[in-house]
There are 2 protein chains.
Amino acid sequence: MSDARAPIKPNVAMMATSPLGQQSAGTNLLFLREDEIRSAQDLLFFAYRDFTAAADMILTELGLGRAHHRALHFIGRNPGIAVTDLLGLLRITKQSLARVLSQLVEDGYVAQTTGRADRRQRLLTLTDQGQALERRLFEQQRERLATAYREAGSGSVEGFRRVMRGIMDEQARAYIDGADDAARRRKG
Amino acid sequence: MSDARAPIKPNVAMMATSPLGQQSAGTNLLFLREDEIRSAQDLLFFAYRDFTAAADMILTELGLGRAHHRALHFIGRNPGIAVTDLLGLLRITKQSLARVLSQLVEDGYVAQTTGRADRRQRLLTLTDQGQALERRLFEQQRERLATAYREAGSGSVEGFRRVMRGIMDEQARAYIDGADDAARRRKG
DNA sequence: AAAGATGCGTCAACGATGCTGACGCAATTC
DNA sequence: GAATTGCGTCAGCATCGTTGACGCATCTTT
């Protein structure tokens, strides 16, 4: 038998993507770089999978899904955000958001108020109940991240942030940088 | 009007989750830590969203989805992997995998061979066509990661890896560590 | 050799979350 | 006054996850 369900190890040594049996130093270096990238693919998949797992369980019990969490998260972080701006962050269609949002409003997690400057806008905020749920979900992920930060060491966090920032597109970077600005402003 | 669709900035200064108008140094520090975690939530969402976007477009043209890519990725990295082991990596039900896998086999991307030691097993490998597709998808993500690594600086990559590793669960870490072992063995 | 466990596939039904396309209405802008 | 924008909604569809229940071949255990 094949050791049953012990965690298997990726057989990167097999180098299935290259027909070369022998490798020069050059191709070997190239290969190492390629494997480093493939390893990063693994990292992103597993980290994201396990990062969301705990919160998903709570959501399921409430009849909600991950999409609801995303909306709660960004509304909580941007109180009074307009629907179109939220759509820009999530990058989904308004029809998809509508389904999620109307359920959050109906269940009393999100409140809509008419915009003062532009009365067409529906500005979104979390209700007390919405804040409570967001916090509950947040605590799950906080735990995981706090542990990861602790184990990785404080020196690693900056590198983590820099690489993650580099992966996302320009618009997302601007958003992230804006958050950093706000934090700096508050601190200083 | 509200500046239309310029990237909005998260209003973290509003501190909607705390009723405190004034903050002591202690609560402010606590808040900063909390905001650091919330910021990491942003990072994971945006990075994952944009990391997968390019490959998704190719997949859509071929009538495939992200789930197919995940299967191709892990089969490519683990040639001859058994179905149950693949299920353990993806953490989905065998019914979900079956749908994806049977399509990949039918379209000629994946080959199944009966296990030698255990004839119940269907060992999975990429066909030449499967390798070609996986490589095409890989190149999309390689580009993004290479840019991110370059911009972040080589010193950041180790921190990135350490934090990402810390986020995932024990089993995933063992898998990741196994990949590292294999790379080290090949290099040394 | 019989009994049980395991690996894998499959039928059926359902739920969450994305998509396109088309309209309607109110409010703002030109 | 006409065009545009912000938002909601109806209708239909695809992907990909779920549970539950079987069936069959093959290994393992008794």
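Because the structure is predicted, anything quoted here is derived from the model rather than measured. Side chains are part of it too, since the values below use all heavy atoms of this structure and drop only hydrogens, waters and symmetry mates. Letters A, B, ... are given to chains in the order of the sequence lines, protein chains preceding strands, and every chain is numbered from 1.
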Next item on the list: Only counting residues at least two apart or in another chain, list the ones meeting ring-ring contact (aromatic ring centres under 6.0 Å, His included) with B:Phe74.
Entry: A:Phe45, A:Phe46

Margin query: What I'd like to find out is whether the side chain of B:Thr52 reaches to under 4.5 Å of the side chain of A:Tyr48, using heavy atoms alone.
Written below: no

Filtered N/O pairs between nucleotides 24-26 of chain D and protein, under 3.5 Å:
{"unit_1": "D:dT26", "atom_1": "OP1", "unit_2": "B:Arg119", "atom_2": "NH2", "d": "3.3"}
{"unit_1": "D:dT26", "atom_1": "O2", "unit_2": "B:Arg120", "atom_2": "NH1", "d": "3.3"}

Notebook entry, point to check: Hey, does the side chain of B:Gln121 come within less than 4.0 Å of D:dC27's phosphate (OP1/OP2), counting only N and O?
Noted result: no

Item checked: Ring geometry between A:His73 and A:His69 (parallel below 30°, tilted from 30 to 60°, perpendicular above 60°) -> perpendicular

Note to self: Under a 3.5 Å distance rule, please check whether B:Thr127 uses its side chain to pair with a backbone N or O of B:Gly108 as donor and acceptor.
What the structure shows: yes

Notebook entry, point to check: Over how many whole Å does the gap from A:Asp85 atom CG to D:dT5 atom C1' extend?
Noted result: 13 Å

Next item on the list: Round to a whole Å and report the spacing from CG of B:Leu104 to P of C:dC8.
Entry: 16 Å

Next item on the list: Figure out the CG/P separation between B:Leu86 and C:dG7, and round it to whole Å.
Entry: 14 Å

Check: Quantified as the angle between the terminal helix axes (five pairs each), what is the overall bend of the helix from C:dA1-D:dT30 to C:dC30-D:dG1 to 10 degrees?
Finding: 30°

Show every donor-acceptor pair shorter than 3.5 Å between a side-chain atom in residues 53-60 of chain A and any protein atom, with sequence neighbours excluded, or say none if there are none.
{"unit_1": "A:Asp56", "atom_1": "OD1", "unit_2": "A:Arg66", "atom_2": "NE", "d": "3.4"}
{"unit_1": "A:Asp56", "atom_1": "OD2", "unit_2": "A:Arg66", "atom_2": "NE", "d": "3.2"}
{"unit_1": "A:Asp56", "atom_1": "OD2", "unit_2": "A:Arg66", "atom_2": "NH2", "d": "2.7"}
{"unit_1": "A:Thr60", "atom_1": "OG1", "unit_2": "A:Asp56", "atom_2": "O", "d": "2.8"}

Next item on the list: Could you name each residue pair satisfying salt bridge (charged side-chain N to carboxylate O under 4.0 Å, His left out) that touches residues 147-158 of chain B, not counting sequence neighbours?
Entry: A:Arg173-B:Glu151

Heteroatom pairs (N/O) under 3.5 angstrom, protein to nucleotides 1-3 of chain C:
none

Notebook entry, point to check: What integer distance in Å separates A:Met57:CE from D:dT18:C1'?
Noted result: 14 Å

Next item on the list: Quick one: list whatever passes side-chain hydrogen bond (donor to acceptor under 3.5 Å, both in side chains) with A:Arg49, sequence neighbours left out.
Entry: none

Check: When the nearest nucleotide of DNA chain C is assigned to B:Arg122 and to A:Arg116 on a heavy-atom basis, which residue is associated with the more 5' position?
Finding: B:Arg122

Check: When you look at CD of A:Gln112, are more than 12 heavy atoms from neighbouring residues, nucleotides or ligands closer to it than 6.0 Å?
Finding: yes

Item checked: Partner set under side-chain contact (heavy atoms from CB on, under 4.5 Å) for A:Leu87, not counting sequence neighbours -> A:Val83, A:Ile92, A:Lys94, A:Leu97

Next item on the list: For A:Arg142, enumerate each residue passing the salt bridge (charged side-chain N to carboxylate O under 4.0 Å, His left out) test, keeping only those at least two apart in sequence or located in another chain.
Entry: A:Glu139

Note to self: Filter on ring pair (Phe, Tyr, Trp, His ring centres under 6.0 Å), then keep only pairs touching residues 115-171 of chain B, sequence neighbours left out; what's left?
What the structure shows: none

Check: So with a 6.0 Å cut-off around CD of A:Gln129, is the heavy-atom count from everything else above 12?
Finding: yes

Notebook entry, point to check: Given atom CG of B:Leu90 and atom C1' of D:dG17, what is their separation to the nearest angstrom?
Noted result: 12 Å

Next item on the list: Let me have a per-nucleotide readout for nucleotides 14-19 of chain C, 5' to 3', with B, S or -, counting only protein heavy atoms under 4.0 Å.
Entry: --SBBB

Margin query: Using the side-chain hydrogen bond (donor to acceptor under 3.5 Å, both in side chains) criterion, which residues pair with A:His68? Sequence neighbours excluded.
Written below: A:Gln103

